[in-house]
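These notes concern the structure reproduced below.
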Amino acid sequence: MSEKLVLDSFALVSLYHREPGWQVVQRALYDQEKARSRAILSWINWGEFYYIVKRRVGHAKTMDALRLLEQLPIDLFPVDQPLVQAAAEIKSEHALSYADAFCVATAQRLDATVLTGDPEFESVERLIKIRWLTK
């Protein structure tokens with residue numbers, strides 16, 4: 001059985017733009033598919049991916065990126081009130097973005113590992129397992 005993974009937007013942006021660590025993301029998703037498993041992406045982090053890509057490449061290419069994202073072995077994770085509260089608690093106590101707090105809260109709920117290269121996650125290394133893209 002493969003490792004349960006939660007992706008943050010940093011990992012997906014690095015994959016899409018072939019930034020440092022993109023091969024780690026590609027391999028992790030390949031391993032998920034091979035194991036007939038799927039990585040997890042919070043809807044909040046999906047929105048973060050959307051706006052980051054749109055700022056960089058515009059609307060048309062963002063729509064292409066979203067179509068590619070739909071083909072990957074990734075399930076979107078719903079946001080409910082307990083997850084919002086958990087993310088708010090994390091954000092109130094740690095130096096990371098609110099969207100990243102949703103990624104952490106999702107990983108906690110699912111007892112999963114976060115795949116990221118975002119240095120903000122260093123502040124929550126005691127809370128969750130992290131698989132770094134470039135460390």
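- With Glu3 contributing its side chain and Ala112 its backbone, the two residues share no donor-acceptor pair below 3.5 Å.
- Scanning all heavy atoms of the two residues, the minimum distance from Asp8 to Cys103 falls at CB-SG, 3.6 Å.
- For the pair Ala39 and Leu29, the tightest heavy-atom approach, listed with the atom from each and the gap, is CB-CD2, 4.0 Å.
- Applying the ring-ring contact (aromatic ring centres under 6.0 Å, His included) test to pairs two or more places apart or on separate chains, those with a residue in residues 91-119 are Tyr98-Phe102.
- Atoms OG and CG, on Ser123 and Asp118 in that order, are 9.0 Å from each other to the nearest 0.5 Å.
- Taking all atoms of both residues into account, the shortest heavy-atom contact from Val114 to Ile128 is CG2-CD1, 3.4 Å.
- Side-chain contact between Leu133 and Glu19: absent, with no pair of heavy atoms (C-beta onward) separated by less than 4.5 Å.
- With contacts defined as side-chain heavy-atom distances shorter than 4.5 Å, the pair Val104/Phe121 qualifies.
- Residues Val79 and Ser42 have side chains in contact (heavy-atom distance under 4.5 Å, counting atoms from C-beta outward).
- Residues Leu7 and Asn45 form no side-chain contact, since every pair of their non-hydrogen atoms from C-beta on lies 4.5 Å or further apart.
- For the 3.5 Å distance criterion, the side chains of Gln85 and Gln81 qualify, holding a donor opposite an acceptor.
- The minimum heavy-atom distance between Ala101 and Leu96, with the atom names listed, is N-CD1, 3.9 Å.
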Identify every side-chain donor-acceptor pair in residues 60-72 under 3.5 Å, counting partners at least two apart or on other chains, and give the distances.
{"residue": "Thr62", "atom": "OG1", "partner": "Lys54", "partner atom": "N", "Å": "3.2"}
{"residue": "Thr62", "atom": "OG1", "partner": "Gly58", "partner atom": "O", "Å": "2.6"}
{"residue": "Asp64", "atom": "OD1", "partner": "Arg67", "partner atom": "NH2", "Å": "2.5"}

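- Hydrophobic clustering of Ile, Leu, Val, Met, Phe, Trp and Tyr side chains at less than 4.5 Å, counting indirect connections, unites Trp43 with Ile74.
- Salt bridge status for Asp111 with Lys129: present, with a side-chain N to carboxylate O gap under 4.0 Å.
- Here the straight-line distance linking atom CG of Leu115 with atom CG of Leu12 works out to 8.5 Å at 0.5 Å rounding.
- Linking Ile, Leu, Val, Met, Phe, Trp and Tyr whenever their side-chain heavy atoms come within less than 4.5 Å puts Tyr16 and Tyr51 in one cluster.
- By the 4.5 Å heavy-atom criterion applied to side chains, Asp31 and Arg27 are counted as neighbours.
- Of the options Leu110, Val6, Leu41, a side-chain contact (heavy atoms from CB on, under 4.5 Å) to Phe77 is made by Leu110 and by none of the others.
- Side-chain atoms of Ile52 and His17, non-hydrogen and from C-beta on, never get closer than 4.5 Å to each other.
- Rounding to the nearest 0.5 Å places CG of Leu5 at 13.0 Å from CZ of Arg38.
- Leu83 and Arg109 make their closest contact through N-NH2, 3.3 Å (heavy atoms, listed as atom of the first residue, atom of the second, distance).
- Across Val25 and Ser14, no two heavy atoms sit closer than the pair CG2-OG, 3.8 Å.
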